[in-house]
Amino acid sequence: MNDDMHDEVTGEQSLGDDGHLGDDGFDIGLLEEELRQAAAILDPVPAQLRQIAVEAFALHDLDARIAELTFDSVVDAIPVRGATDVPRMLTFRAGEVTVDVEVTAQGLMGQVLPPQQARIEVLGGPQTATPVVADDMGRFTSDAPPSGPFALRLRTGGEVVVTEWLRA
């Protein structure tokens with residue numbers, strides 16, 4: 001290859017440093033950005049359409065398996081007399097995946113079983129999901145206690161599991 005960015009073997013134009021040089025020598029990436037800016041000014045996306053797009057994206061893991069609540073200490077546990085500020089224990093199950101979670105005023109602590117790495121998002125309504133990573137033993141913690149309704153979205157390999165929504 002020589003300096004004029006022409007492949008002497010194939011006779012084709014090579015890519016520039018940014019990988020976006022077209023057949024006629026134009027920087028396609030720069031052209032695309034200029035067209036985006038012009039479209040944003042001359043024909044902006046309506047707010048309603050943008051909202052519909054965001055809502056459609058929220059359904060991107062619609063095929064996720066729903067983890068069923070199999071134990072809730074508020075309902076299933078025998079209360080201990082005199083105990084105050086006891087953590088809420090939750091167990092969710094979806095197929096072979098089980099998630100044990102302890103909810104306290106200080107945050108969440110839990111474990112994915114069978115033990116495996118997972119990316120866990122603490123969902124809390126319209127706010128941004130709080131990401132948490134489970135280690136090789138499946139253990140995870142979050143220092144942000146859920147306020148109001150919450151659910152967990154687990155990504156384990158190619159599988160997505162979402163828990164039922166509960167109140168903290």
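Shown here for Phe140 and Ala134, the closest heavy-atom pair between the two residues is CB-CA, 4.0 Å. Closest of all the heavy-atom pairs between Ala67 and Val161 is CB-CG1, 3.6 Å. A pairwise comparison of heavy atoms in Pro131 and Arg119 identifies CB-NH2, 4.2 Å as the closest pair. For Met137 against Gln111, the heavy-atom pair with the smallest separation is O-NE2, 2.8 Å. The nearest pair of heavy atoms linking Pro87 to Ser73 is O-OG, 3.9 Å.
Looking at Thr98 and Arg93, their side chains do bring a donor and an acceptor atom within 3.5 Å of each other.
Both Leu69 and Val103 belong to a single network of hydrophobic side chains, linked directly or stepwise wherever heavy atoms of I, L, V, M, F, W or Y lie under 4.5 Å apart. No path of Ile, Leu, Val, Met, Phe, Trp and Tyr side chains, each step under 4.5 Å between heavy atoms, connects Met109 with Val132, placing them in separate hydrophobic clusters.
Of the possible donor and acceptor atoms, none in the side chain of Thr91 sits under 3.5 Å from a partner among the backbone N and O of Phe71. Between the side chain of Asp76 and the backbone N or O of Asp72 there is at least one donor-acceptor pair closer than 3.5 Å.
Note that the CZ atom of Arg153 and the OG1 atom of Thr163 stand 10.0 Å from one another [nearest 0.5 Å]. Separating the CZ atom in Phe92 from the CG atom in Leu166 is a distance of 4.5 Å, to the nearest 0.5 Å. Put simply, CG on Leu35 and CD1 on Ile28 are 11.5 Å apart, with the number rounded to the nearest 0.5 Å. Gln116 CD to Glu96 CD: the interatomic distance, rounded to the nearest 0.5 Å, is 11.0 Å. Rounding to the nearest 0.5 angstrom, the gap separating the CZ atom in Arg88 from the CG atom in Leu108 is 11.0 Å. Rounding to the nearest 0.5 Å gives a distance of 10.0 Å between CG of Leu90 and CD of Glu102.
Contact of the Ile120 side chain with the Val112 side chain is registered, since non-hydrogen atoms from C-beta on lie closer than 4.5 Å.
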field: side-chain contact (heavy atoms from CB on, under 4.5 Å) between Leu152 and Val122, worked out
entry: CA-CA 5 Å; Leu152 302 176; Val122 181; 3.9 Å; yes
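Counting non-hydrogen atoms of neighbouring residues, nucleotides and ligands closer than 6.0 angstrom, the CD atom of Gln37 exceeds 12 such neighbours.
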